[in-house]
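Comments concern the structure below.
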Amino acid sequence: WAALAFVHFAAAAESPAHAAVAKDILAALTSDRAACKDDLRGVRGRLEPYPRNYRSTEHNIDVSALAKALGETDKWDDAHQFVRSMFARNTYYNESFSMGTGEADTCDPTEPLGPVPADCTYWNLLADADPDT
């Protein structure tokens, strides 16, 4: 969300320097160290040395919004694919978005069975990260 603030300030102040900061943040968030190349795609919630490897729906919504604001369609598509794949993924909560994936392995595709937080649904609506749902 900090990068989104840079994007908005860059637009309001007509400041290419602030836009460059937002682009650098997006590049770090979607780097090869963070991106997952499986069918779910998206980016990991944390990087090393953090010991867990989950992908967060909320983080991917943020990346989707940032990529859209910067016109980075490939990066938007990866985050969007992840967010879209989280809808109805949890069989216990099949009319909402799952909070993300498991954390045992890098780019772990497993589904946590815990409750679904409302922020994944509300942030998604606000950011239009999954206009298909």
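Every value quoted in this text rests on a predicted model; they were computed, and no experiment measured them.
For the pair Ile25 and Ala3, the tightest heavy-atom approach, listed with the atom from each and the gap, is CG2-CB, 3.6 Å. The two residues Ala34 and Ala28 make their nearest non-hydrogen contact at CB-O, 4.2 Å. Closest heavy-atom contact between Ala79 and Ser64: CB-N, 3.7 Å. Contact between Ala69 and Val7 at its shortest, heavy atoms only, is CB-CG1, 3.7 Å. The minimum heavy-atom distance between Ala10 and Ala19, with the atom names listed, is CB-N, 3.4 Å.
For the atom pair NE2 (His80) and OG (Ser85), the distance works out to 9.5 Å, reported to the nearest 0.5 Å. Atoms CZ and CE, on Phe97 and Met86 in that order, are 10.0 Å from each other to the nearest 0.5 Å. The structure places CG of Leu70 at 9.0 Å from NZ of Lys75, a figure rounded to the nearest 0.5 Å. The NZ atom of Lys23 sits 14.5 Å away from atom NE2 of His18, with the distance rounded to the nearest 0.5 Å. Atoms CG and CG, on Leu29 and Asp24 in that order, are 11.0 Å from each other to the nearest 0.5 Å. Here CG of Asn53 is found 7.0 Å from CG of Asp105. Values are rounded to the nearest 0.5 Å.
Ser98 places no side-chain N or O within 3.5 Å of a backbone atom of Asn90 that could act as its donor or acceptor partner.
Ring planes of Tyr54 and Tyr50: perpendicular class, angle over 60° (limits at 30 and 60°).
Leu4 and Ile61 sit in two unconnected hydrophobic clusters of ILVMFWY residues. Membership requires side-chain heavy atoms under 4.5 Å apart, directly or through other members. When the side chains of ILVMFWY residues are joined at heavy-atom separations under 4.5 Å, either directly or via intervening members, Val63 and Val83 end up in two distinct hydrophobic clusters. Put simply, Phe6 and Leu26 are part of the same group of oily side chains (I, L, V, M, F, W, Y) that touch within less than 4.5 Å, one to the next.
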Show the atom names and distances, to 0.1 Å, of all donor-acceptor pairs under 3.5 Å that link a side chain in residues 35-44 to residues at least two apart or in another chain.
| unit_1 | atom_1 | unit_2 | atom_2 | d |
| --- | --- | --- | --- | --- |
| Asp38 | OD1 | Leu40 | N | 3.3 |
| Asp38 | OD1 | Arg41 | N | 3.0 |
| Asp38 | OD1 | Arg55 | NH1 | 2.9 |
| Asp38 | OD2 | Arg55 | NH1 | 3.4 |
| Asp38 | OD2 | Arg55 | NH2 | 2.8 |
| Arg41 | NE | Asp78 | OD1 | 2.8 |
| Arg41 | NH2 | Asp77 | O | 3.2 |
| Arg41 | NH2 | Asp77 | OD2 | 2.6 |
| Arg44 | NH1 | Arg33 | O | 2.8 |
| Arg44 | NH2 | Glu48 | OE2 | 3.2 |

